[in-house]
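Counting starts at 1 for both ligands and their atoms, following the listed order. Quantities reported herein were computed from a predicted structural model and do not represent experimental measurements.
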Amino acid sequence: MRLENKVALITGGSGGIGRETALLFAQEGAKVVVTDVNDTAGQETADEIVRNGGEAYFLHSDVSKAADCEAAVTFAEEQFGKLNIIFNNAGIMHSDDDNAVTTEEAIWDLTMNINAKGVFLGCKYGIPALQRAGGGSIINTASFVAILGAATPQVAYTASKGAVLALTRELAVIHARENIRVNALCPGPLRTELLMKFLNTEEKKQRRLVHIPMGRFGEAREMAYAALFLASDESSFVTGTDFLVDGGITSAYVTPV
Ligand code: NAD
């Protein structure tokens, strides 16, 4: 029960990392508000928590819309009386996102609006709630691509995740003496729908796997455990970090055969 008496708001909780984290946080005692734009799957995440004896609600909320982000924070406080943990995790990787020459302005804007502005809005409306609660933990999902360049590009996605790292660092410093910690979670390549829908051939998979020392993609559950550490009081001296959970990819030059 590492999150006993805590209330958590998790964006992008319909699938992948968000869903696994919602289930794990609830298992560890947190009351959870799950948000997403996919209502059916989001409700299913909340229902599963309740079936397992936990407390959870789903709320439709588009992280690129200020009113939706504000409403999600208000909803969490109304339902559970306070908010202690915010996991700004929702994100997209668009199939038309490519190099600088070919990527359309509309794809850039869409990606930035969800991946970067979405995290900003989550913090903008979430931080006052954490202040009202006497402190808390914010975890913003970035990516290893914010740290490594790739010749299989998605420039809007990469830039949006770089923005998440910079934003996280600055907010961590601003709020460090208010008992509010702000950290970025940097997953490596994962076996979730977001990436696997692109890596639909063995050749495409191998093009990536050769660079990962562990020789496999990560699992959403492995990100949930990292988020749990950052959310819990066990990480009480951790703030402003780019928390890499990447199978060693950012440390590698030549990988084992
Ligand atoms: P996923 O596609 O399974 O989950 C993302 C969720 O975000 C989905 O449920 C989706 O409906 C939701 N979402 C999309 N747009 C939204 C919006 N405007 N408002 C609210 N919700 C929205 O993918 P995932 O792998 O679990 O990704 C979660 C986060 O992890 C993302 O920020 C992603 O960029 C990041 N990430 C993923 C990988 C990977 O390899 N899968 C690697 C590094 C970082």
Item to check | Residues which pass salt bridge (charged side-chain N to carboxylate O under 4.0 Å, His left out) with K31, listed by chain and number, not counting sequence neighbours | outcome: none

Next on the checklist: With a 4.0 Å heavy-atom cut-off, what residues sit around ligand 1?
Outcome noted: G12, S14, G15, G16, I17, D36, V37, S61, D62, V63, N89, A90, G91, I92, I114, T141, A142, S143, Y157, K161, P187, G188, P189, L190, T192, L194, L195

Item to check | For F120, ring pair (Phe, Tyr, Trp, His ring centres under 6.0 Å) partners two or more places apart | outcome: none

Checklist entry - Ignoring hydrogens and geometry, is there a side-chain-to-backbone donor-acceptor pair from T11 to T35 under 3.5 Å? => result no

Checklist entry - Side chains of N113 and S64: donor-acceptor distance under 3.5 Å anywhere? => result no

Next on the checklist: Which label fits Y57 and F80: parallel for a plane angle under 30°, tilted from 30 to 60°, or perpendicular past 60°?
Outcome noted: tilted

Next on the checklist: Run the salt bridge (charged side-chain N to carboxylate O under 4.0 Å, His left out) test against R181 and tell me which residues pass, sequence neighbours left out.
Outcome noted: none

